[in-house]
Amino acid sequence: ALDGGEDGLDVYRRMLTAAPQRLRPAGSLYCECGPRNAYELAALARSAFQNGRVEIREDLSGKPRFVCISLRDAERA
């Protein structure tokens with residue numbers, strides 16, 4: 001496991017700072033997280049990708065587990 005800091009999101013903050021410059025124009029980024037962090041992580045992703053589509057997806061037990069960022073879907077809208 002990664003040390004995500006006090007709220008578990010430090011690694012994601014660093015990644016989302018660099019991701020907009022590295023993700024291709026029609027690219028996607030999928031982040032797995034703990035159910036307690038999904039909504040806060042989605043808010044960070046929306047800030048980093050203001051023109052992207054950000055979704056929270058559930059795992060097989062119905063818990064919010066993945067934050068999916070898609071630039072491709074945003075371009076079609």
Side-chain angles (χ1 to χ4, degrees):
L2 302 172
D3 180 6
E6 197 167 312
D7 66 357
L9 297 173
D10 286 354
V11 172
Y12 292 109
R13 284 187 186 90
R14 289 193 306 268
M15 181 179 66
L16 290 171
T17 298
Q21 294 83 12
R22 297 187 181 270
L23 197 61
R24 293 180 184 213
S28 296
L29 176 63
Y30 297 85
C31 302
E32 183 179 7
C33 62
R36 288 187 238 169
N37 294 354
Y39 294 96
E40 190 173 350
L41 177 55
L44 293 171
R46 287 184 184 101
S47 292
F49 291 93
Q50 294 179 4
N51 294 322
R53 181 177 177 188
V54 177
E55 296 179 277
I56 297 173
R57 296 190 185 163
E58 297 176 345
D59 62 16
L60 294 176
S61 67
K63 295 178 181 174
R65 180 73 64 182
F66 305 95
V67 174
C68 306
I69 305 160
S70 177
L71 300 182
R72 180 181 347 224
D73 293 341
E75 291 177 352
R76 291 182 186 161

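Transitive grouping of hydrophobic side chains (ILVMFWY, heavy atoms separated by less than 4.5 Å) brings M15 and L71 into a common cluster.
Rounded to the nearest 0.5 angstrom, E58 CD and K63 NZ are separated by 11.0 Å. In this structure, CD1 in I69 is found 11.0 Å from CD in E55, a value given to the nearest 0.5 Å.
Across D10, T17, L16, a single residue satisfies side-chain contact (heavy atoms from CB on, under 4.5 Å) together with R14, and that is D10.
Judged as a side chain to side chain donor-acceptor pair (under 3.5 Å), and not counting sequence neighbours, the contacts of S61 are D59.
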Just list the side-chain donor-acceptor pairs under 3.5 Å for residues 21-46, sequence neighbours left out, or say none.
from, atom 1, to, atom 2, distance (Å)
N37, ND2, D7, O, 3.4
R46, NH2, V54, O, 3.4

